[in-house]
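A short write-up of the structure that comes next.
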Amino acid sequence: MSFPPVERQLIVFDFDWSLADQDSDRWVFEVLAPKLRKKMKELKKEVQWTDLVAQSLKELHELGGTKEEIEDTLRIMPFHPAMVRGTSALKSRGKTTFFCLSNANIVFITTILKSKGLENLFDEIVTNPAEWDPSGLLKLRRRIDPSGPQHECKVGCSPNMCKGDELEAFLKRHQPEFDRIVYVGDGSNDFCPVLRLRKQDVVFCRRYRGLYDLIRPYEEEGRLHCQVRYWTGAWEAEALLDQL
């Protein structure tokens, strides 16, 4: 079943496990430094995740991990060809603005996108800032500086970013309003923006991950304003994208 045609459409993509078929933060350490990955798993409940990744990148650098190794690891991270096809075809049809809203970081995301020929896919990317220093260390920071004003989200967004607030800020920057918003996500931190969608909007929710567990009771009880479509593999997401 196709969606009705619209003149002005926004598609919002989470990155890890939504656009990409893996978690970029975890992948880098699983490939290059499994002992650090194990340490991250142990510290996850004690240290804010973006801070933990930043700390682990420093440790990887001290162990001799190089910029080239990290970039090569990102380029081979699982990313389904069906997702490349589906997004590229939607982009080529026009009328759709592409927005990436992710708790990864700008270096990981842009490196992976470039390796898939998707460097021009997104009109805007909102994520955690990162840059390489001259020594080859990737310096990562939270989008919301912990020493400044914090967001007031009560839904469950992580301290570094409220995705609902970021979506609303994007919509304010890109007036007039979009005829339809499509949100592609998988994680519990995608729930906040999904709750802000309207009845003409739709979420493409990946099954069996955090967002799926949160959305299902809301949908069953009629508490969600937007429409919901579920997908598991990227080939199913491609079929949904082809309906837009």
Side-chain angles (χ1 to χ4, degrees), residues 1-6 9-27 77-93 95-104 108-109 112-113 115-118 121-123 125-127 155-157 163-164 166-167 178-244:
M1 186 186 81
S2 289
F3 296 94
V6 292
Q9 176 170 260
L10 171 67
I11 190 159
V12 186
F13 272 94
D14 169 53
F15 190 77
D16 296 320
W17 289 119
S18 295
L19 185 66
D21 239 357
Q22 182 52 263
D23 180 290
S24 54
D25 289 338
R26 290 166 174 82
W27 172 258
M77 191 179 96
F79 198 112
H80 204 293
M83 196 60 87
V84 178
R85 279 195 311 261
T87 52
S88 300
L90 179 58
K91 181 90 171 174
S92 71
R93 294 197 288 277
K95 298 187 178 180
T96 300
T97 298
F98 281 72
F99 176 37
C100 181
L101 185 52
S102 168
N103 273 313
F108 284 7
I109 291 171
I112 292 167
L113 289 175
S115 75
K116 304 298 174 274
L118 296 175
L121 179 64
F122 288 107
D123 299 278
I125 298 173
V126 166
T127 186
V155 176
C157 285
K163 283 191 168 187
E166 296 289 359
L167 175 59
F178 291 92
D179 300 323
R180 178 167 58 230
I181 300 168
V182 180
Y183 193 104
V184 185
D186 75 284
S188 54
N189 57 14
D190 295 311
F191 191 47
C192 182
V194 167
L195 288 178
R196 304 187 195 208
L197 299 179
R198 309 157 299 177
K199 68 177 188 301
Q200 66 265 43
D201 302 329
V202 59
V203 55
F204 292 172
C205 171
R206 193 165 199 174
R207 287 188 190 91
Y208 314 126
R209 300 189 60 80
L211 180 61
Y212 178 75
D213 295 335
L214 291 168
I215 270 187
R216 288 189 73 206
Y218 268 69
E219 190 193 12
E220 286 161 10
E221 293 161 20
R223 288 194 287 162
L224 266 190
H225 299 300
C226 67
Q227 305 163 60
V228 187
R229 299 288 186 279
Y230 295 103
W231 60 283
T232 307
W235 62 279
E236 295 170 304
E238 179 186 22
L240 290 170
L241 294 169
D242 286 348
Q243 296 170 21
L244 296 171

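Note that these values count all heavy atoms, side chains included, but never hydrogens, waters or copies made by symmetry. This structure is a prediction, so every number in the text was calculated from the model and none was measured. The first residue in the sequence is number 1, and the count goes up from there.
Nearest heavy atoms, Gly164 versus Pro193: N-CD, 3.7 Å. When all heavy atoms of Ser24 and Ile112 are compared, the closest pair comes out as CB-CD1, 4.2 Å. Minimum interatomic distance between Arg93 and Leu241 (heavy atoms only, all atoms of both residues): NH2-O, 3.0 Å. Nearest heavy-atom pair across Leu121 and Lys91 is O-NZ, 2.8 Å. Scanning both residues, Thr96 and Asp123, for their nearest heavy atoms gives O-OD2, 4.5 Å. Nearest heavy atoms, Val202 versus Leu197: O-CD1, 4.2 Å.
Ser92 places a side-chain N or O within donor-acceptor distance of the main-chain N or O of Ala89, the cut-off being under 3.5 Å. Side-chain N or O atoms of Lys116 include none that pairs as donor or acceptor with a backbone N or O of Val84 at under 3.5 Å. A donor-acceptor distance shorter than 3.5 angstrom exists from the side chain of Thr127 to the backbone of Ala104, with no hydrogens or angles considered. Side-chain atoms of Gln227 come within 3.5 Å of backbone N or O of Lys199 as a donor-acceptor pair. Gln243 places no side-chain N or O within 3.5 Å of a backbone atom of Leu240 that could act as its donor or acceptor partner. Checked by atom type and distance alone, the side chain of Asp179 never pairs as donor or acceptor with a backbone atom of Val6 at under 3.5 Å. Remark: side-chain polar atoms of Arg180 are paired, donor with acceptor, to backbone N or O of Pro4 under 3.5 angstrom. Side-chain atoms of Asp21 do not come within 3.5 Å of backbone N or O of His80 as any donor-acceptor pair. Put simply, the side chain of Ser18 gets close to the backbone of Asp186: a donor and an acceptor are under 3.5 Å apart.
Ring centers of Tyr230 and Tyr212: under 6.0 Å apart, within the cut-off. Aromatic rings of Tyr218 and Phe191 (six-membered ring for Trp) have centroids within the 6.0 Å cut-off, being under it.
Under the 4.5 Å side-chain criterion, counting only non-hydrogen atoms from C-beta, Arg198 is not in contact with His225. Looking at heavy atoms from C-beta onward, Phe98 lies in side-chain contact with Leu90 at the 4.5 angstrom threshold. The shortest side-chain heavy-atom distance between Leu195 and Val155 falls under the 4.5 Å cut-off. Residues Gln9 and Leu244 are in side-chain contact: their nearest non-hydrogen atoms beyond the backbone lie under 4.5 Å apart. No side-chain heavy atom of Ser115 sits less than 4.5 Å from a side-chain heavy atom of Phe79. Side-chain contact check for Val182 versus Asp201: every heavy-atom pair is 4.5 Å or farther apart. Considering only heavy atoms from C-beta on, Leu211 stays 4.5 Å or farther from Ser188 through its side chain. Proximity of Ser102 to Val126: side-chain heavy atoms (C-beta onward) are nowhere separated by under 4.5 Å.
With respect to Lys163 and Asp190, a salt bridge is recorded, a charged nitrogen being found less than 4.0 Å from a carboxylate O. A salt bridge between Asp14 and Arg206 is absent, with no side-chain N of the basic residue lying under 4.0 Å from a carboxylate O of the acidic one.
Phe122 contributes atom CZ, which lies 6.0 Å from atom CG of Leu113 (distance to the nearest 0.5 angstrom). Atom-to-atom distance recorded for Phe13:CZ and Ile125:CD1 is 12.5 Å, nearest 0.5 angstrom. Rounded to the nearest 0.5 angstrom, Thr87 OG1 and Glu238 CD are separated by 9.0 Å. Interatomic distance, SG of Cys157 versus CG of Asn189, reported as 6.5 Å (0.5 Å rounding). Atom OG1 of Thr97 sits about 4.0 Å away from atom CZ of Phe178, to the nearest 0.5 Å. The SG atom of Cys205 sits 8.5 Å away from the CG atom of Asp213 when rounded to the nearest 0.5 Å.
Under the side chain to side chain donor-acceptor pair (under 3.5 Å) criterion, Thr232 pairs with Arg207, sequence neighbours left out.
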Practice task
Walk me through it: do Leu10 and Tyr183 pass the test side-chain contact (heavy atoms from CB on, under 4.5 Å)?
Solution key: CA-CA 8 Å; Leu10 171 67; Tyr183 193 104; over 6 Å; no
Exercise for the section: Run the numbers on Val12 and Val184 for side-chain contact (heavy atoms from CB on, under 4.5 Å), then give the verdict. Expected result: CA-CA 6 Å; Val12 186; Val184 185; over 6 Å; no
Problem - Candidate pair Cys100 and Leu19, rule side-chain contact (heavy atoms from CB on, under 4.5 Å), full reasoning - result: CA-CA 9 Å; Cys100 181; Leu19 185 66; 5.8 Å; no
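Ring orientation note: the planes of Phe3 and Phe204 are tilted relative to one another, at an angle of 30° to 60°.
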